[in-house]
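It should be emphasised that the depicted structure is a prediction, and the values quoted were computed from it without experimental measurement. Counting starts at 1 for both ligands and their atoms, in listed order.
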Amino acid sequence: MEVFFIVLSVLSVSSLSLSQECRRELLENVDFPGTDIKFVYSPDVQHCQYLCTQHPSCLFFTFLRADWTRDDRTFYCYLKSTASGRPKVEKGLLGVTSGYSLKPCGPDSQPCLSRMYQNVDFLGADYRTLFTADYEECQRVCTEDPYCQFFTFVNHVFTPERIRYKCHLKFSWPLPRTLNVNRKPGLVSGFSHSVQLSQPSDTACSSKLFPNTNFTGSSFETHPAGTPQYCLALCSAHPRCSYFSYQSDSLTCHLKNNPNELVMRAQEGVTSGIATHFCQQDTNWAKTALEGVDFQGSDIRFELLDGAESCQKACSMDQNCQFYTYVNEDFVDSAYWRRCYLKRFITMPAPPKVNKLANVVSGFTRRNCI
Ligand SMILES: *[C@@H]1O[C@H](CO)[C@@H](O)[C@H](O)[C@H]1NC(C)=O
């Protein structure tokens, strides 16, 4: 049995090193057809490459550039993978650029995105608008506003006239998100201890949780969450979240928006709390291992390791890993025993849609450029 395990781990190490070559080159007018995981919008090929790098299973990509004219799929970033780690086919194709994930390169988890995109609209995800004299000021506001991830500015010749000089501040999740959280005996899940969470601040947040209390009212978003502390971190990161209620039996985090009133009601199994602002977030939620919990999906790969603690360390040491699930030897299916699944999700600014639009300028926060 021991021999069998040794052989297995040698195999997994060698299959790993095959795809672990750092390849930064971008192949202009080259297509990697097929083997798509999904497509996401992206304004340029560097951003698309970072998206592939931050997506758990993406190994290479093909991006349809602004000069793509065959159909209206401009700004499509196709995330791709194969078992071998290499594209099946490489083909010449005008208007596209292909390349590889930077996961093996020890990538920057918060890359500086300093480019401005003229005549490009980052559609949707607005949380606040204001008027600014030019796009530089709109970008400055976005950089100073802790919630802002990207923006679109409407310039001085746009029609209709009444929205000229309008600056749209936009949001995407900067926190590692666990998209599926389920109770499953024999599994242990947790976060990397070295994941970068928020900008540092001198003042610690005075966060308070209200056990067995529901802050009534409907939620604008619901997310899977392993703990009320993680739910608080989600609420504090979102520009529209006033407070939250966390349901422990279903492991769900209900984000609520009501800046006018807060009505409490006693309810067993529900923990509520208020968003924190301009302070150093408590990161204890990232330090707790959750027994009997599965962070399902979002796998980068797995390794065979001895114990959940080794798994947590492996995740913390791997720059690409944000969270993990470890399979103990009391899990129902012995085929999975000792597997340490390393996981992640996209945390960089990612516009939900990118379009050509005359007389607007878009760009990203410059927070990571300083
Ligand atoms: C809290 O109360 C609201 C009704 O105001 C209800 O819809 C909701 O399911 C309850 N629980 C949570 C976790 O929000």
Side-chain angles (χ1 to χ4, degrees), residues 124-128 146-147 149 169-192 195 197-198 204-298 322-325 343-347 352:
D126 294 39
Y127 67 90
R128 188 182 147 209
Y147 300 114
Q149 303 295 327
L169 304 183
K170 293 161 187 270
F171 172 80
S172 64
W173 284 104
L175 279 183
R177 279 191 308 139
T178 50
L179 296 187
N180 289 293
V181 182
N182 303 302
R183 288 194 201 283
K184 226 172 245 172
L187 304 184
V188 181
S189 296
F191 289 88
S192 161
V195 77
L197 295 169
S198 54
C205 299
S206 50
S207 47
K208 180 172 175 262
L209 293 177
F210 299 73
N212 298 317
T213 306
N214 185 349
F215 289 176
T216 60
S218 55
S219 46
F220 66 91
E221 266 177 34
T222 300
H223 295 277
T227 59
Q229 287 80 9
Y230 175 70
C231 185
L232 168 64
L234 286 176
C235 180
S236 302
H238 198 290
R240 290 184 57 220
C241 190
S242 331
Y243 46 77
F244 68 89
S245 289
Y246 176 76
Q247 186 114 35
S248 55
D249 59 359
S250 61
L251 300 166
T252 50
C253 173
H254 301 259
L255 304 183
K256 307 192 178 191
N257 172 282
N258 187 345
N260 299 312
E261 53 181 28
L262 193 165
V263 180
M264 300 187 199
R265 197 193 305 133
Q267 188 177 337
E268 216 169 300
V270 176
T271 302
S272 296
I274 300 169
T276 59
H277 308 275
F278 302 109
C279 53
Q280 185 68 48
Q281 295 278 338
D282 183 348
T283 55
N284 275 338
W285 60 266
K287 305 270 156 72
T288 344
L290 304 171
E291 298 276 344
V293 171
D294 184 13
F295 286 168
Q296 201 196 321
S298 307
Q322 293 170 337
F323 46 95
Y324 66 89
T325 293
K343 297 161 182 272
R344 68 157 302 122
F345 207 71
I346 294 169
T347 46

Q) Quick check: are the SG atoms of C235 and C241 less than 2.5 Å apart? A) yes
(Q) Apply disulfide bond (SG atoms under 2.5 Å apart) to residues C205 and C279 and explain how you reach the verdict. (A) CA-CA 5 Å; C205 299; C279 53; 2.0 Å; yes
**Q.** side chain to side chain donor-acceptor pair (under 3.5 Å) involving S250 - partner list, sequence neighbours excluded
**A.** T252
Residues 173-180, side-chain donor-acceptor partners within the protein, below 3.5 Å, at least two apart:
none

Write 'none' if nothing qualifies; otherwise put on separate lines each N/O atom of ligand 1 with a protein N/O atom under 3.5 Å away and their distance to 0.1 Å.
| unit_1 | atom_1 | unit_2 | atom_2 | d |
| --- | --- | --- | --- | --- |
| ligand 1 | 2 (O) | N214 | ND2 | 2.4 |
| ligand 1 | 5 (O) | G217 | N | 3.1 |
| ligand 1 | 11 (N) | N214 | ND2 | 2.9 |
| ligand 1 | 14 (O) | K256 | NZ | 3.0 |

Q: State whether the side chain of T325 and the backbone N or O of D294 hold a donor-acceptor pair below 3.5 Å, judged by distance alone.
A: no
Q: With sequence neighbours left out, write down each residue that passes side chain to side chain donor-acceptor pair (under 3.5 Å) with K287, or none if nothing qualifies.
A: none
